[in-house]
2 protein chains.
Amino acid sequence: MAADRIPPHPDPRDVPLQQVLEALIEPARRTIVEQLSAGPSDIPCGGFDLAISKSTATHHFRVLREAGLIRQYYAGTSRMNSLRREEFDEAFPGLLEAVLWASVREAGLRVPGVA
Amino acid sequence: MAADRIPPHPDPRDVPLQQVLEALIEPARRTIVEQLSAGPSDIPCGGFDLAISKSTATHHFRVLREAGLIRQYYAGTSRMNSLRREEFDEAFPGLLEAVLWASVREAGLRVPGVA
DNA sequence: GTCAAACTTCGATCGGCATCGTACTATGGG
DNA sequence: CCCATAGTACGATGCCGATCGAAGTTTGAC
């Protein structure tokens, strides 16, 4: 079975705020969350646009999963990732929205044309 | 003059999200923000309920100030602190509310009586 | 059965932040 | 003027997390 390889997913309501903030503070991890939030479909670990090694990426995915932010499951040899949006929002209302909003806003400010 | 002793206060809109999260991730600093948010009046550096040394506290106040979260001014020998609620909310809508809400919720869960 | 692809696990390294004690500065009271 | 009060500034220390490479594991394709 493939399910055996899938580590535990805590209920977001059981995750301390401290752990959630620690998960969201790392830029690469925020990028992961942003890309998941932006796209309509789940993304395999290797499908993200990240400038880090595979082993480091694995570490980041684990931190996000243990913080209740993402769900992971296998599809063949690929480990898929999906954002646990609703469940997480129930536990931490407004938090993800605020962080993502600020991220997008900053990304926008870096691009414009006014320079 | 006393004003000379007051370091610069950046506009929250100029503070990167990364810096804000780094400011809010430290428990002692969140405690400071919470106590400011809870009370109706400003609080001097020495008026907080913190289990850390003075020099460490000074460090935390600086980090919060530089993140655009608090305003500091002198009243005699006391350095007063106030939460920059509205200005900060304009720059990071919903963020402070979400963090404070989660904090309060957790604090409540630790006390009850069901245990 | 054999190979390649996709990740994970394990140790080691390295840099940054929280922490503290000590010394220093500014203010106000007696 | 002198002292107490309230913080700040400055190293020094110690820990924790991000990072990587190398080796291991699981799956699917052929």
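Keep in mind that the numbers below use all heavy atoms, side chains included, and drop hydrogens, waters and symmetry copies. Throughout, protein chains are lettered first and strands after them, A, B, ... in sequence-line order, and every chain is numbered starting at 1.
Both A:Leu17 and B:Ile32 are part of a single hydrophobic cluster, where members link through side-chain heavy atoms under 4.5 Å apart. B:Met80 and B:Leu64 are members of different hydrophobic clusters when ILVMFWY side chains are connected at heavy-atom separations under 4.5 Å. Linking Ile, Leu, Val, Met, Phe, Trp and Tyr residues whenever their side-chain heavy atoms come within less than 4.5 Å places B:Ile52 and B:Phe48 in a single cluster.
Take B:Ser103 and apply the side-chain hydrogen bond (donor to acceptor under 3.5 Å, both in side chains) test, not counting sequence neighbours, and it matches B:Glu34. B:Arg13 is linked by a salt bridge (Lys or Arg N to Asp or Glu O under 4.0 Å) to B:Asp11, B:Glu90, counting only residues two or more places apart in sequence or in another chain.
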Please list, for nucleotides 28-30 of chain C, all pairs of protein and nucleotide N/O atoms separated by less than 3.5 Å.
none

I'd like a list of close polar pairs between nucleotides 19-21 of chain D and the protein, N/O only, cut-off under 3.5 Å.
residue	atom	partner	partner atom	Å
D:dT19	OP2	A:His60	NE2	2.5
D:dC20	OP2	A:Ser53	N	2.9
D:dC20	OP2	A:Ser53	OG	3.2
D:dC20	OP2	A:Thr56	OG1	3.0
D:dG21	N7	A:Ser55	OG	3.3
D:dG21	O6	A:Ser55	OG	3.0

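Rounding to the nearest 0.5 Å gives a distance of 10.0 Å between CG of A:Leu100 and CZ of A:Arg30. In this structure, CG in B:Leu95 is found 6.5 Å from CG in B:Leu21, a value given to the nearest 0.5 Å. For the atom pair NE2 (B:His9) and CD (B:Gln72), the distance works out to 5.5 Å, reported to the nearest 0.5 Å.
Relative to the axis of its first five pairs, the axis of the last five pairs of the helix from C:dG1-D:dC30 to C:dG30-D:dC1 sits at 20°, rounded to 10 degrees.
Between B:Phe61 atom CZ and D:dA9 atom C1' the separation is 16 Å, expressed in whole Å.
The only option from A:Glu86, A:Glu87, A:Glu66 that meets the salt bridge (charged side-chain N to carboxylate O under 4.0 Å, His left out) definition with A:Arg71 turns out to be A:Glu87.
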Checklist entry - Hey, mind stepping through A:Leu69 and A:Arg29 against side chain to side chain contact (heavy atoms under 4.5 Å, CB included) and telling me if it holds? => result CA-CA 10 Å; A:Leu69 277 159; A:Arg29 289 197 286 262; over 6 Å; no
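Remark: side-chain polar atoms of A:Asn81 are paired, donor with acceptor, to backbone N or O of A:Ile43 under 3.5 angstrom.
In the region residues 34-44 of chain B, proximity to DNA chain C at under 4.0 angstrom, judged on heavy atoms, holds for none of the residues.
Dashed line: the shortest gap from a side-chain N or O of A:Arg79 to OP1 or OP2 of D:dT27 is not under 4.0 Å. Look at B:Arg62 and you won't find any side-chain N or O under 4.0 angstrom from OP1 or OP2 of D:dG7.
Using a 4.0 Å heavy-atom distance criterion, B:Ser78 is classed as a sugar-phosphate-only contact.
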